[in-house]
Amino acid sequence: MNEDKEIPKNYDFVTKEPFWQEFWEKAGIYKFDTESEKSVFSVDTPPPYVSAAHLHVGHAMSYSQAEFVVRYKRMMGFNVFYPMGFDDNGLPTERFVEKKHKIDKSKISKKEFIELCLKETKEGGETYRNFWRSLGISVDWSLLYSSINDHCQRTAQRSFIDLFQKRLIVRKEEPVVWCPTCQTALAQSDLEDMEQDTFFNYINFKFEDGAIAPIATTRPELIPACVALYTNANDPKFGKYIGKKAIVPLFDYEIPVLADENVDPNFGTGLMMVCTFGDSEDIERWKRDNLETRIAIEKNGRLTDIAGKYSGLKIKEAREQILNDLREDSTLVKQEPLQNVANVHERCNTIAEFIITPQWFIKVVDNKDDWRKRGKELNWYPKFMKSKYDAWIDGLKWDWCISRQRFYGVPFPVWYCEKCENIILPKDKDLPVDPSSMTDLVTECPKCHSHDIRPEVDVMDTWMTSSLTPLINSYWQYPENVSLMKKIYPMNLRVQAFEIIRTWLFDTVVKSHYHTNSLPWKDVMISGWGLDDKGRKISKSLGNFVEPETIIRQYSADALRYWSAESTLGQNLRYNEEEIKVGKRTVTKLWNATKFVFIHLSDYKFDPNFDQTNLDDADRWILEELRLAVINYHTNFDQYEYAKAKDAIFHFFWDNLCDNYLEFVKHRLYCEEDSIGKEAAKWTIYKVILAVIKLWAPIMPFITEELYQMFFKNSEEEISIHISRLPLETDFNNNSEIAAKFNSILQIVEEVRKYKASKNYSIKKQLAKLVVSSDNNVILANNELLQNVLSIKEIISGKGEQEINSDLSISIIEENAE
RNA sequence: GCGCGCUUAGCUCAGUUGGUUAGAGCAUCUCGUUUACACCGAGAGGGUCGGGGGUUCGAAUCCCUCAGCGCGCACCA
């Protein structure tokens with residue numbers, strides 16, 4: 001330590017935390033070393049949508065949890081590759097900008113809109129960056145990427161071209177999920193379930209012979225799109241009509257009555273109306289039976305001309321009017337209230353429709369076995385999260401639609417020949433391209449030499465880019481960066497939360513499998529969510545939003561991180577301000593304990609070769625307890641169980657070190673004259689305190705750096721605690737025998753203390769503490785009770801515990817009897 | 001409907017392959033503290049481990065079953 005400086009009474013986190021953050025960045029503590037021969041630990045972290053402009057404590061929690069592991073690995077000697085990115089393209093960003101600026105997509109130019117998006121993402125990026133800094137997230141900022149930058153666009157376009165050439169991407173014109181609000185095609189993974197109250201409407205169609213053909217539907221507005229009725233061949237009432245015709249009410253045209261064994265005679269009326277398209281059942285039959293196509297819904301969610309007088313109405317309006325008209329001529333027989341589940345677009349909660357448009361798809365449905373196999377190869381932490389991945393694969397129905405009819409995203413590197421429909425791709429050296437603005441790049445069809453060239457104007461799904469993060473980070477397909485790719489890919493670890501297993505995790509597995517025929521990473525660590533104090537999801541609309549900045553200002557980033565380390569891996573964590581206070585107390589306690597030690601160690605020079613035979617039992621005991629804590633700590637951190645690792649160090653620090661050992665060594669440290677016993681105490685406490693702050697460092701980086709710099713910098717090698725080595729089991733001798741003996745003595749002393757406390761004796765702190773003298777004899781540090789030393793010595797020498805225990809109690813009672 | 005997770009002290013949660021009296025933190029109450037720390041120390045009270053059944057010498061832990069909460073997937077004419 002610096003002798004000329006007084007140790008301040010208190011630790012001022014408000015000034016110290018930003019100070020150390022700046023120090024780390026300036027000193028490049030967290031920089032990935034491309035030249036190093038050390039083992040690499042590479043981490044794939046979620047690039048958040050910058051549209052989530054307001055961060056809450058849940059974000060702080062999940063980023064901290066991942067970062068505990070990163071810091072742990074760094075302090076285990078790995079050359080850590082820990083990048084950060086912003087996902088600043090795609091629909092989430094567009095939705096955010098539209099909402100914030102109240103924009104109608106159809107009333108703004110593409111250019112203006114993109115400029116607004118870029119401006120917002122820049123601001124959002126800054127907010128995020130400041131937030132991560134204040135949380136002490138140890139990112140290598142030189143590795144920062146943003147999904148709209150040239151490198152990411154190039155990689156996304158290379159991905160497209162590679163898949164296109166491998167025939168894994170196809171352009172198909174077929175029914176696709178469509179959002180009428182966002183006016184774009186969607187992927188299956190963009191959909192969410194939403195419960196809604198609706199009606200099951202019983203409506204009478206007619207068979208061609210005039211008999212009534214009752215159907216039941218939740219979507220009467222699709223009557224003009226009706227192309228067939230289906231019934232079960234065994235249906236006693238309607239089976240006989242198979243092969244006959246039926247007549248659609250209001251619109252008065254004929255449709256076939258067809259057979260389908262999947263139609264349940266007992267559901268609804270036993271007659272099923274099939275339209276273009278109400279749901280995936282309709283599509284299945286449309287494909288299988290070559291049904292007519294009657295498109296009743298436009299891309300904007302209004303009815304088409306085919307709907308006659310209802311054309312131009314919105315879906316809900318059309319539904320009401322059609323029901324009214326049916327009611328009038330008694331074709332609507334009854335309405336049953338029904339709760340059903342609709343598929344809605346997760347970004348805007350609009351009910352999705354099926355529209356036939358040409359779109360780009362990545363093949364995924366045909367290769368389910370590959371995805372399952374990859375899922376098995378991956379190490380899941382915790383294991384049970386794999387079931388969500390498997391469930392998603394089982395339920396995959398459609399190939400991944402990657403084209404979006406939007407503005408702000410990575411363009412498709414595609415031109416079309418209007419004459420021969422040839423698809424024209426750019427040269428790799430021209431990437432990234434924007435075909436709609438780079439019209440001179442492709443002017444002639446290489447196949448038919450036509451000059452009638454049309455650029456693709458769609459943009460890619462945002463997951464098309466973010467599914468490439470491991471490849472973006474390792475500069476896949478950059479010949480000049482092959483060595484980096486070799487070093488960090490496949491990555492060691494992916495960290496993410498559970499809700500994007502079906503998107504980010506799955507899509508990334510698909511991409512790496514197709515592009516590199518490997519997994520993108522070896523391990524995946526899935527975190528839960530930070531919830532509010534009542535266990536609800538944190539959101540603005542619920543008014544339960546806790547801003548991490550407020551917490552950091554009040555309790556310190558270390559304290560907030562401490563709370564984040566509470567939850568078992570994969571479990572949700574409720575926001576708990578009391579726990580944050582405990583974190584802050586722990587920071588203070590670390591400060592005070594270390595300060596106390598260094599009051600006595602001001603000129604101390606640690607000698608690693610100190611003769612350990614000079615140690616007291618108490619010294620050996622605390623070193624043994626530390627050794628056990630270290631084992632426990634590593635076992636858990638190696639399994640990414642940061643919470644259990646934290647428990648190990650928490651228990652050791654508060655209970656063993658502060659409450660006991662620091663009391664035991666006091667008499668030696670305060671002792672005026674130098675002795676080998678005093679030296680042993682100094683040696684032990686230096687070693688223990690240094691280990692303790694190192695073990696805390698991954699969880700609480702600021703206070704531990706402060707203490708390291710203040711007291712250890714001169715004698716330790718590394719310029720920051722965060723690149724120093726964590727203590728290992730092998731750093732300690734096995735003192736288990738002496739520790740066991742010592743623990744049994746401790747127990748007896750505890751008994752005495754309990755007894756006295758129960759009798760309401762006024763006992764001094766020191767009296768209640770056990771002290772071990774340098775000659776390995778046990779004494780109580782109170783002269784009046786010195787006679788008890790003999791009793792305790794006898795315990796060690798083999799007398800029965802119970803007996804001595806009661807002797808002790810009795811003698812104390814006598815001592816203090818009034 | 002199927003799957004996964006959860007249900008343990010007033011609150012938030014630990015309890016590894018079944019093994020002595022089920023733990024921690026917070027909260028409550030009591031006592032203590034001039035000498036690192038009141039952002040402290042010692043102690044007490046508080047639990048039939050969601051209900052029921054089973055396996056076992058022995059179950060919070062394994063099996064069956066029921067219930068509640070959360071999530072995922074599917075169905076959704």
Side-chain angles (χ1 to χ4, degrees), chain A residues 7 9-11 193 195-196 198 200 215-219 222 229-231 260 262-264 267-275 278-282 285 338-343 382-397 498-499 501-502 528-529 531 533 535-537 555 559 563 566-568 570-579 581-600 635-636 639 641 643-644 647 650-651 654-655 658-659 662-663 666 670 750 753-766 768-769:
Chain A
I7 305 174
K9 181 160 168 49
N10 297 313
Y11 164 63
D193 285 353
E195 289 214 344
Q196 58 171 8
T198 179
F200 211 22
I215 61 106
T217 181
T218 55
R219 302 208 54 187
L222 286 177
L229 295 186
Y230 277 82
T231 191
D260 192 319
N262 291 324
V263 173
D264 178 357
F267 188 89
T269 63
L271 263 183
M272 173 184 177
M273 164 177 100
V274 167
C275 311
D279 58 25
S280 56
E281 296 282 305
D282 287 354
R285 290 177 176 79
L338 180 78
Q339 247 212 351
N340 81 343
V341 176
N343 283 321
K383 282 198 172 69
F384 67 80
M385 286 292 181
K386 180 170 177 285
S387 64
K388 293 190 200 296
Y389 173 88
D390 289 331
W392 177 249
I393 293 167
D394 290 343
L396 266 181
K397 274 187 295 199
F498 63 88
E499 84 282 9
I501 288 176
R502 66 178 192 171
W529 272 354
L531 305 174
D533 55 353
R536 299 171 305 178
K537 188 177 172 179
Y555 298 108
W563 164 73
E566 281 292 288
S567 78
T568 313
Q571 300 295 340
N572 295 336
L573 179 61
R574 290 189 185 196
Y575 175 67
N576 186 347
E577 194 158 336
E578 293 308 313
E579 209 54 49
K581 288 180 187 168
V582 176
K584 195 181 167 205
R585 276 209 289 277
T586 304
V587 169
T588 307
K589 191 81 172 173
L590 267 167
W591 172 260
N592 284 321
T594 313
K595 186 179 74 177
F596 163 70
V597 166
F598 279 87
I599 287 169
H600 299 283
T635 307
N636 284 304
Q639 297 294 310
E641 290 283 1
K644 290 170 188 169
D647 279 349
F650 179 89
H651 168 70
W654 279 90
D655 302 342
C658 292
D659 293 347
L662 288 186
E663 299 297 335
K666 269 181 184 169
Y670 277 116
E750 288 296 322
R753 283 154 71 179
K754 268 186 204 172
Y755 188 85
K756 288 190 70 75
S758 71
K759 295 291 173 200
N760 284 351
Y761 278 102
S762 168
I763 47 169
K764 288 189 174 176
K765 194 175 182 180
Q766 284 82 356
K769 290 294 175 188

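Every chain is numbered from 1, with letters handed out A, B, ... down the list of sequences.
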Quiz item: Taking for each residue the nucleotide of RNA chain B with the nearest heavy atom, is it A:Asp394 or A:Met385 whose nucleotide lies nearer the 5' end?
Solution: A:Met385
Exercise. From the options B:A77, B:C76, B:A14, select the nucleotide whose nearest atom is closest to the side chain of A:Met272.
Key: B:A77
Quiz item: Given the C1' atoms of B:A42 and B:C37, what is the spacing between them in whole Å?
Solution: 16 Å
Quiz item: In Watson-Crick or G-U wobble terms, both distances under 3.5 Å, what is the partner of B:A67?
Solution: B:U7
Exercise. Go through the steps to decide whether A:Glu641 and A:Asp647 satisfy the test side chain to side chain contact (heavy atoms under 4.5 Å, CB included), and finish with yes or no.
Key: CA-CA 10 Å; A:Glu641 290 283 1; A:Asp647 279 349; over 6 Å; no
Exercise. Would you indicate what A:Val263 reaches in the nucleic acid, counting non-hydrogen atoms under 4.0 angstrom: base, sugar-phosphate, or nothing?
Key: base
Quiz item: Distance-only, no hydrogens or angles: does the A:Lys595 side chain make a donor-acceptor pair with backbone N or O of A:Lys9 under 3.5 Å?
Solution: yes
Exercise. Check whether any side-chain N or O of A:Thr568 sits under 4.0 Å from OP1 or OP2 of B:A14, and answer yes or no.
Key: yes
Quiz item: What interatomic distance, in whole Å, is found between P of B:G43 and the corresponding atom of B:C57?
Solution: 40 Å
Quiz item: Across all strands shown, which nucleotide pairs with B:A77 by Watson-Crick or G-U wobble geometry, both distances under 3.5 Å?
Solution: none
Quiz item: A:Lys388 and A:Ile501: which non-hydrogen atoms are nearest, and at how many Å?
Solution: CB-CD1, 4.0 Å
Quiz item: With a non-hydrogen cut-off below 4.0 angstrom, is A:Lys581 in contact with a base, only sugar-phosphate, or nothing?
Solution: nothing
Quiz item: Heavy atoms under 4.0 Å, any strand shown: does A:Lys584 hit a base, just sugar-phosphate, or nothing?
Solution: base
Quiz item: Ring stacking, A:Tyr230 with base of B:A77, under 5.5 Å and under 30°?
Solution: no
Quiz item: If we call it a pair only when both distances are under 3.5 Å in a Watson-Crick or G-U wobble match, what pairs with B:U56?
Solution: none
Quiz item: Any sub-3.5 Å donor-acceptor pair from A:Thr231's side-chain atoms to A:Gly270's backbone N or O?
Solution: yes
Quiz item: Among B:C40, B:C37, B:C76, which nucleotide sits nearest the side chain of A:Lys9?
Solution: B:C37
Exercise. Using the P atoms only, state how far B:A60 lies from B:A9, rounded to an integer number of Å.
Key: 14 Å
Exercise. Ignoring the backbone of A:Asn343, work out which of B:C6, B:C26, B:C76 is nearest its side chain.
Key: B:C76
Quiz prompt | Euclidean distance for P, B:U16 against B:G72 (whole angstrom) | solution = 28 Å
Practice problem: Could you give the distance separating B:C69 and B:C31 at their C1' atoms, to the nearest angstrom? | Solution: 42 Å
Quiz item: So what's B:G72 paired with, Watson-Crick or G-U wobble, going by both distances under 3.5 Å?
Solution: B:C2
Restricting to nitrogen or oxygen on both sides, can you table the protein-nucleotides 68-72 of chain B pairs closer than 3.5 Å?
from: B:C71; atom 1: O2'; to: A:Lys388; atom 2: NZ; distance (Å): 3.4

Self-check item: Touch class at under 4.0 angstrom, heavy-atom based, for A:Lys537 against every strand present
Solution: nothing
Quiz item: Where the side chain of A:Lys589 is concerned, which of B:C39, B:G41, B:A77 is the nearest nucleotide?
Solution: B:G41
Self-check item: Sugar-phosphate, base or nothing in reach of A:Asp264, heavy atoms under 4.0 Å
Solution: base
Self-check item: Nearest to side-chain heavy atoms of A:Thr588, which nucleotide of B:C39, B:A77, B:C6
Solution: B:C39
Self-check item: Identified pairing partner of B:A22, criterion: Watson-Crick or G-U wobble below 3.5 Å
Solution: none
Exercise. Determine the contact category for A:Phe267: base if any of its heavy atoms lies under 4.0 Å from a base atom, sugar-phosphate if only primed atoms, P, OP1 or OP2 are that close, otherwise nothing.
Key: base
Self-check item: Nucleotide B:U35, atom P - distance to NZ of A:Lys666 in whole Å
Solution: 8 Å
Exercise. Using whole Å, report how far CZ of A:Phe598 lies from P of B:C37.
Key: 17 Å
Quiz prompt | Interatomic distance at P, B:C4 relative to B:C64, whole Å | solution = 11 Å
Practice problem: Starting at atom CZ of A:Phe650, determine the distance to atom P of B:A24, rounded to an integer number of angstrom. | Solution: 11 Å
Quiz item: Under 30°, 30 to 60°, or over 60°: which ring-plane class applies to A:Phe650 and A:Trp654, parallel, tilted or perpendicular?
Solution: tilted
Practice problem: Name the nucleic acid region contacted by A:Val582, choosing base, sugar-phosphate or nothing; use a 4.0 angstrom heavy-atom cut-off, strictly under. | Solution: sugar-phosphate
Below 3.5 Å between N/O atoms, which protein atoms pair up with nucleotides 10-12 of chain B? Just atom names and distances, please.
from: B:U12; atom 1: OP1; to: A:Arg574; atom 2: NH1; distance (Å): 2.8

Self-check item: Check: A:Asp282 main-chain N/O paired with A:Asp279 side-chain donor or acceptor under 3.5 Å
Solution: yes
Quiz item: Between A:Trp563 (side chain) and A:Val582 (backbone), is there a donor-acceptor pair under 3.5 Å?
Solution: no
Quiz item: Reckon A:Ala216 touches a base, only the sugar-phosphate, or nothing at all at heavy-atom distances under 4.0 Å?
Solution: sugar-phosphate
Quiz item: For A:Gly268, which contact category applies under a 4.0 Å heavy-atom criterion: base, sugar-phosphate, or nothing?
Solution: nothing
Quiz prompt | Shortest side-chain distance from A:Trp654, nucleotide among B:A77, B:C40, B:C75 | solution = B:C40
Practice problem: Start with the C-alpha gap between A:Glu499 and A:Trp529, add the side-chain angles, then the distance that decides, and say whether side chain to side chain contact (heavy atoms under 4.5 Å, CB included) holds. | Solution: CA-CA 9 Å; A:Glu499 84 282 9; A:Trp529 272 354; 3.1 Å; yes
Quiz item: Counting side-chain heavy atoms from C-beta on, which of B:A14, B:A77, B:C76 comes nearest to A:Thr217?
Solution: B:A77
Practice problem: Could you please spell out the steps behind the side chain to side chain contact (heavy atoms under 4.5 Å, CB included) verdict for A:Arg285 and A:Asp260? | Solution: CA-CA 9 Å; A:Arg285 290 177 176 79; A:Asp260 192 319; 2.6 Å; yes
Practice problem: Using the P atoms only, state how far B:U21 lies from B:G10, rounded to an integer number of Å. | Solution: 22 Å
Quiz item: Is there side-chain contact between A:Glu281 and A:Met272, with heavy atoms separated by less than 4.5 Å?
Solution: yes
Quiz prompt | Complementary nucleotide for B:U61 - Watson-Crick or wobble, under 3.5 Å | solution = none
Quiz item: Who pairs with A:Tyr389 by ring pair (Phe, Tyr, Trp, His ring centres under 6.0 Å), at least two apart in sequence or on another chain?
Solution: A:Trp380
Quiz prompt | salt_bridge(A:Glu577, A:Lys581) N-O dist < 4.0 Å | solution = no
Practice problem: Scan A:Thr594 against the nucleic acid and name what it touches under 4.0 Å (heavy atoms): base, sugar-phosphate only, or nothing. | Solution: nothing
Practice problem: For B:C26 versus B:C39, give the span between their C1' atoms, rounded off to a whole number of Å. | Solution: 14 Å
Quiz prompt | Any A:Arg585 side-chain nitrogen or oxygen under 4.0 Å from OP1 or OP2 of B:C26 | solution = yes
Quiz item: With respect to the side chain of A:Glu578, which nucleotide from B:C40, B:C26, B:C76 is positioned closest?
Solution: B:C26
Self-check item: A:Lys397 side chain near B:A74 phosphate (N/O to OP1/OP2, under 4.0 Å)
Solution: no
Quiz item: Closest nucleotide of RNA chain B for A:Asp647 versus for A:Asn10: which of these residues is on the 5' side?
Solution: A:Asp647
Exercise. Tell me which nucleotide among B:G41, B:A14, B:C37 gets nearest to the side chain of A:Glu663.
Key: B:C37
Quiz item: Does A:Arg219 have a side-chain nitrogen or oxygen under 4.0 Å from the phosphate oxygens OP1 or OP2 of B:A77?
Solution: no
Quiz item: With both distances under 3.5 angstrom, what nucleotide forms a Watson-Crick or G-U wobble pair with B:C40?
Solution: B:G32
Self-check item: Which atom of A:Ala559 lies closest to which atom of A:Gly583, heavy atoms considered
Solution: CB-C, 4.0 Å
